[in-house]
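Both counts, for ligands and for their atoms, begin at 1 and track the order of listing.
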Amino acid sequence: MSGAPWQARVLTLFPEMFPGPLGSSLAGKALANGVWALETVDIRNFARDKHRSVDDTPFGGGPGMVMRPDVLAAAIDATRSAGGADLPFYYLSPRGRRMDQALVRDLAAGAGVGLVCGRFEGVDERVLEARGIEELSLGDFVLSGGELAALALLDAVVRLLPGVVGAPESLAEESFAAGLLEYPQYTRPQEWEGRPVPAVLLSGHHEQVRLWRRGEAERITRARRPDLWDRFLARQSKTGS
Ligand code: SAH
């Protein structure tokens, strides 16, 4: 590998959750080979009192606990300035901007990312304002912590780093690459439970295969994701392609 590894810095109360699934398969190999580097920061190490408390009850009342701004800011400040590069920092949160492949591509093209994982009812709002931290969501559901969302985002980014996926062409054709969902895929056996694979895929005509796949990608996107389809059409009419 040439150059510095892509940097992932994760602030969490559960550092033992990392690398977790990212220690296996493609991401694990890339981590071992120094394509990317993972630094986990235990937020509890930045607690100031003798009980090492990181959370407290919410002002205004209500259930649960809220992560303290002073402890979290100390963890963020120590991590952000480490190693020179000022990485973009995000807080994983159901209120955040939905993660998508465009964000993943942008992050993969940069030097790395810092991810703050919340627990309990979340974090004191002031730390997000004071440190200018944008929020990112994995989807419209509530997790018990940001760690799984951080792992999902890192998995998506790491597979785009140079040399991680063996056949980089596969990245150009997959879902979201061209603004469409992927076409259906088939492998052996050629007939299974009475179901043949589409004949065009056996024809050896590369252009016909390409057109069929393109047609299927459009049909599936139109049927399943009208939001993506509308954006795709709008982009096409703009570029005239
Ligand atoms: N009270 C909060 C939910 C807290 S869940 C609310 O109603 O919005 C606890 C932590 O899990 C959050 O601080 C956040 O870091 C993480 N989390 C929960 N759902 C998430 C999601 N969809 N995407 C990213 N992170 C999430």
R44/D42 ion pair, N-O < 4.0 Å
no
Does the distance from a Lys or Arg side-chain N to an Asp or Glu carboxylate O, for R95 and E125, drop under 4.0 Å?
yes
Quick one: CD on E147 to CD on E16, what's the gap to the nearest 0.5 Å?
8.5 Å
Between E218 and R222, is there a salt bridge with N-O shorter than 4.0 Å?
no
Measuring from each atom of ligand 1, which residues have a heavy atom under 4.0 Å away?
Y91, L92, S93, P94, G118, R119, F120, E121, G122, L136, S137, L138, G139, F141, V142, L143, S144, G145, G146, A149
Charged N to carboxylate O below 4.0 Å: is that the case for R97 and E135?
no
Main-chain N/O of L107 paired with W6 side-chain donor or acceptor, under 3.5 Å:
yes
